[in-house]
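What follows is a single structure, written as structure tokens, with notes after it.
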Amino acid sequence: MPELPDVEDARHELSRWLTGTTVVELHLSDTRLGRGKRAPPPAMVAGRRVLGVGRRGKWLRIDLGEVLLFSHLGMTGKWTCRSPGAPAERSERAQIVVRRRRARLCVGYVDARRLGRLVVTRDDIPEWRALGPDPLADGIDVPRLIVELGKQRRAVKVALMDQSLLAGIGNVHATEALFFAGVDPRTRTDALSPRQVRAVARGVRRTLARSLARYRKARARGGSGYVSEEGPDDFVVYGREGEPCPRCGARIERIVLGGRGTTFCPRCQRRS
DNA sequence: CTCTATGTTTAATT
DNA sequence: GAATTAAACATAGA
């Protein structure tokens, strides 16, 4: 579930479940979550108060005061909430048991493919520090983008997925943003006009806003502790190879860029 | 069985 | 150096 809007939804839920509670215990049933680095010592979190849950790009940071818990959802990670007695989902890899007054709650991390990460530290991790500005929290600095993109030669879609340029955009939203911008995903970044860069920035804001609004609506309706996922119908060109372009009717094409499937309209999306 | 998948990192190659 | 490509991680679904 992992691009900016999905992670922001996870942050929202995690914050509701955790903020203001006290950690009873953290249990990690999968050592791979730390990626071979020093295995996180779960003992250092017991008894700590959860001060809040932050997000930058696709990373989550649970603030325990002196200690930080970083979470990246990879491809299939998600956070869930259950009562401590209830059975865990199949691929639950970690549990955080917390206490709010008398009541106990078990917040579980579920990740079938185990491409996610979970790291306990006292300082910000390098991956977090390396992130570029977050389009939601920091906004998009278009003049900076024009300068940065002008220095590079790679395809604009690959650049959009670079987390050090803008944090939080993945394959889906890069694909959607470029459709909204009317820009061919193969366009070299140094060939983009300032006008095109502005269009790309607007496209990014638009696709993120659409998803964020969907999550807001799902939460307002569905209520508690339930993460809704976006489906194939929620996107305009992503996953729609062979279908007619919603704007001009031309056949949506699929290519591979940066190792990822990329759909676009060959008529609406121009190189220059 | 084959192909694909909302991510990241590392190594090899151009 | 920069850019591209492939592989690896491990699993589910079409």
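A note on names: the letters A, B, ... follow the listed sequences, proteins ahead of strands, and every chain is numbered from 1.
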* Asked: Between A:D124 and A:R61, is the closest basic N to carboxylate O distance under 4.0 Å?
  -> yes
Could you run down the sub-3.5 Å N/O contacts of the protein with nucleotides 11-14 of chain B?
none

* Earlier contact from the 5' end, DNA chain B, for A:R254 and A:W59 ->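 Mapping each residue to its closest nucleotide by heavy atoms, the 5'-most match is A:R254.
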Value in whole Å for how far the [atom2] atom of [N] lies from [atom1] of [X]:
X	N	atom1	atom2	answer
A:K58	B:dT6	NZ	C1'	8 Å
A:L115	C:dC9	CG	C1'	6 Å
A:E230	B:dA5	CD	P	17 Å
A:N171	B:dA5	CG	C1'	9 Å
A:F235	B:dT6	CZ	C1'	7 Å
A:R113	C:dG13	CZ	P	12 Å
A:Y238	B:dG7	OH	C1'	12 Å
A:Q163	B:dT6	CD	C1'	12 Å

Between [X] and [Y], is any pair of side-chain heavy atoms under 4.5 Å apart?
X	Y	result
A:S91	A:D111	no
A:L64	A:M44	no
A:T21	A:L105	no
A:H27	A:V97	no
A:W79	A:I96	yes
A:R16	A:C81	no

* Answer yes or no: side-chain N or O of A:R114 and base N or O of C:dA10 forming a donor-acceptor pair under 3.5 Å. =>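 A donor-acceptor contact between them is absent.
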* Within 45° cone and under 6.0 Å: A:R214 NZ/CZ vs A:F235 ring -> yes
* To do: Would you kindly check if the NZ (Lys) or CZ (Arg) of A:R205 is within the cone defined by 45 degrees around the ring axis of A:F180 and under 6.0 Å from the six-membered ring centre?
  =>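 No, A:R205 does not lie over the aromatic ring of A:F180.
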Taking atom [atom1] in both [N] and [M], what distance in whole Å separates the two?
N	M	atom1	answer
B:dC3	C:dA6	P	15 Å
B:dA5	C:dT5	P	16 Å
B:dT6	C:dA3	C1'	24 Å
B:dT8	C:dG1	P	24 Å

Donor-acceptor contact present, side-chain [X] to main-chain [Y], <3.5 Å:
X	Y	result
A:E3	A:G170	yes
A:E241	A:I252	no
A:T175	A:N171	yes

* Reckon A:H173 touches a base, only the sugar-phosphate, or nothing at all at heavy-atom distances under 4.0 Å? -> nothing
* Identify whether any heavy atom of A:R188 sits under 4.0 Å from a base atom; if not, whether one sits that close to sugar-phosphate; answer base, sugar-phosphate or nothing. =>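 The residue A:R188 makes no contact with any strand.
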* To do: Check DNA chain C for consecutive Watson-Crick or G-U pairs with both distances under 3.5 Å and list the runs of at least three as stems.
  =>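 Only these stems qualify: B:2-5 with C:11-14, B:7-14 with C:2-9.
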* Structure fact -> Output for pair (A:I62 CD1, A:L51 CG), nearest 0.5 Å, gives 11.5 Å
* Asked: With respect to the phosphate group of B:dA5, does any side-chain polar atom (N or O) of A:R260 fall under 4.0 Å of OP1 or OP2?
  ->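 For A:R260, the contact criterion (side-chain N or O under 4.0 Å from OP1 or OP2 of B:dA5) is not met.
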* In B/S/- notation, 5' to 3', how is nucleotides 2-8 of chain C contacted by protein heavy atoms closer than 4.0 Å? -> SSS----
* Asked: Of the nucleotides C:dA12, B:dT8, B:dT6, which has the atom closest to the A:A112 side chain?
  -> C:dA12
